[in-house]
2 protein chains.
Amino acid sequence: MAHILAVAEQSFAEAGFSGTTMERLAQAAGLPKANLHYYFGTKEQLYRGVLENILALWLDDMNAITPERPPAEALTAYIRAKLAHTRTRPHASKVFAAELLHGAPHLRRFLSFELRRRVIEKARVIRGWIDRGLMAPIDPIHLFFNIWAMTQTYADFEVQVRAVLGVNRLGDAEFAAAEKTITRLVLKGCGLHWQEGKP
Amino acid sequence: MAHILAVAEQSFAEAGFSGTTMERLAQAAGLPKANLHYYFGTKEQLYRGVLENILALWLDDMNAITPERPPAEALTAYIRAKLAHTRTRPHASKVFAAELLHGAPHLRRFLSFELRRRVIEKARVIRGWIDRGLMAPIDPIHLFFNIWAMTQTYADFEVQVRAVLGVNRLGDAEFAAAEKTITRLVLKGCGLHWQEGKP
DNA sequence: GTCTATATTCAGATAGAC
DNA sequence: GTCTATCTGAATATAGAC
């Protein structure tokens, strides 16, 4: 079952919902397609299963943001965590991205409630830092939008990154450069100290 | 014909390639579906027509980056141009994003040649600024990846932005906040002067 | 050039044997 | 529970009248 979900995640990421056929999934999972229907009912329900598997990931990373930590440390850790997920779970990122692209018909509740609540909570932490004079007065919610955008682009639009860089795959060097660039933009953008050498 | 392409762009953006039916396009365009096939041949060829319409947009914005301009001014103008396209052509952005998400089978050449060449050319301009001590030594190519990510997220993942902000549509206020945040991150991140009030 | 009607293909779902 | 074979519906594409 977990195996089927993993195969489905990859296929939905690569081919989209309509582009993924139950036949293709069955072949990739190594069993007849009737079994998929036996386990999950409809293709729609299987897709929902894949999505739900992903949502927890998105909320978890934000744990790095806590009031006691110095902002530079917390933001650096957050960026690192997001980028690690981008690297280890690129298919999850792509499925989520495709769902958003098409208006998120399955994620309306998640976005408007769970995610919104969590962002507002963490934005309050950032406003606390600003009020204490620990960082520049940046809009915390837009800051989140932009950190998500920058980190996820290395999964979602990986093919563009590879083509422009002229490499066959994104390895340690590329992710190190990405992390350095994003961390620099965010820390300096927030008026925080950032130093070249610091990993 | 241009009308059909506009309708198709919107439908491909909202429903994806497989999710878009010729019947649906015909209805939206107000003519029988046989005509679509008469004009464009196959659905595939129609999709290629939509994509090609979009590519020029992407390359054009980079004209803002020229060696003579001060970096802060050029980067501010570039961000503004990208964000303006995000706002006026959200469907184009989404079609392009979906194509990248699914591995860009139709854009391989464009990405590896036209786009890559243009990015390398403009990266050289930025390195010139760095060498002249006009800005901090940031990786120019990753800088582009991240500017694209930040500006396009307001089209591609608009539904997420709206849900988290709790608004029904992205208007002047939201785009102003986006532009301010992105410009701040980029300029300060590049060690350039940025001032709150400056639009 | 434009449309109606239809052929063809293919994917999702299920019946029913084992 | 697992599989083969099949049904059903839908979407692309085209034939052929006007």
Side-chain angles (χ1 to χ4, degrees), chain A residues 1-54 91-92 94-99 101-108, chain B residues 1-54 91-92 94-99 101-108:
Chain A
M1 290 272 292
H3 175 237
I4 296 175
L5 284 171
V7 163
E9 181 178 289
Q10 174 158 4
S11 179
F12 285 131
E14 288 170 355
F17 179 80
S18 323
T20 293
T21 68
M22 296 299 272
E23 178 59 36
R24 173 186 166 146
L25 287 183
Q27 283 188 348
L31 36 86
K33 66 179 177 173
N35 292 30
L36 299 183
H37 283 104
Y38 178 76
Y39 290 134
F40 291 93
T42 69
K43 179 183 176 183
E44 172 83 16
Q45 286 172 293
L46 173 52
Y47 177 70
R48 296 190 75 95
V50 169
L51 262 188
E52 279 161 24
N53 238 351
I54 294 172
H91 301 312
K94 286 180 178 180
V95 172
F96 190 79
E99 173 69 14
L101 262 186
H102 299 138
H106 302 92
L107 291 181
R108 283 281 158 77
Chain B
M1 289 271 294
H3 175 237
I4 295 175
L5 283 171
V7 164
E9 181 176 290
Q10 173 156 6
S11 180
F12 285 131
E14 288 170 355
F17 180 81
S18 323
T20 293
T21 68
M22 296 299 272
E23 177 59 35
R24 174 186 165 147
L25 288 184
Q27 284 189 346
L31 37 85
K33 65 180 176 172
N35 291 31
L36 300 183
H37 285 290
Y38 178 76
Y39 290 134
F40 291 93
T42 70
K43 179 183 174 182
E44 172 83 16
Q45 286 171 294
L46 173 53
Y47 177 70
R48 298 188 74 95
V50 170
L51 262 187
E52 279 161 23
N53 237 351
I54 294 172
H91 302 312
K94 286 181 178 179
V95 173
F96 190 79
E99 174 69 14
L101 263 187
H102 300 138
H106 302 91
L107 292 181
R108 281 280 158 78

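Order of the sequence lines fixes the chain letters, A, B, ..., with proteins taken first and strands second; residue numbering starts at 1 for each chain.
For residues 4-15 of chain B, the pairs satisfying side-chain hydrogen bond (donor to acceptor under 3.5 Å, both in side chains) are B:E9-B:R89, B:Q10-B:E14, B:S11-B:T20, B:S11-B:R24, B:E14-B:R24, with sequence neighbours left out. Pairs engaging residues 2-34 of chain A under the ring-ring contact (aromatic ring centres under 6.0 Å, His included) rule: A:F12-A:F17, A:F12-A:Y47, A:F17-A:Y47 [sequence neighbours left out]. Residue pairs satisfying the salt bridge (Lys or Arg N to Asp or Glu O under 4.0 Å) criterion with at least one member in residues 27-39 of chain A, sequence neighbours excluded, are absent.
Of the residues in residues 10-28 of chain A, none has a non-hydrogen atom less than 4.0 angstrom from any atom of DNA chain D. Residues of residues 33-53 of chain B having a heavy atom closer than 4.0 Å to DNA chain D, listed by number: B:K33, B:A34, B:H37, B:T42, B:K43.
Among residues two or more places apart in sequence or in another chain, the side-chain contact (heavy atoms from CB on, under 4.5 Å) test is passed with A:Y39 by A:M1, A:I4, A:N35. With sequence neighbours left out, B:T42 forms a side-chain contact (heavy atoms from CB on, under 4.5 Å) with B:E44, B:Q45. Annotation: side-chain contact (heavy atoms from CB on, under 4.5 Å) contacts of B:A97 (sequence neighbours excluded): A:L101, A:F157, B:D156.
To the nearest 0.5 angstrom, A:H37 atom NE2 is 4.0 Å from A:M22 atom CE. Put simply, CZ on A:R48 and CG on A:L51 are 8.0 Å apart, with the number rounded to the nearest 0.5 Å. Within the model, atoms CD of B:E99 and CD1 of B:I54 stand 9.5 Å from one another, a figure rounded to the nearest 0.5 Å.
A nucleotide of DNA chain C counts as in contact with chain A when one of its atoms lies under 4.0 Å from a heavy atom; the first and last such, 5' to 3', are C:dA11 to C:dT14.
The side-chain heavy atoms of A:F40 and A:L5, taken from C-beta on, include a pair separated by under 4.5 Å.
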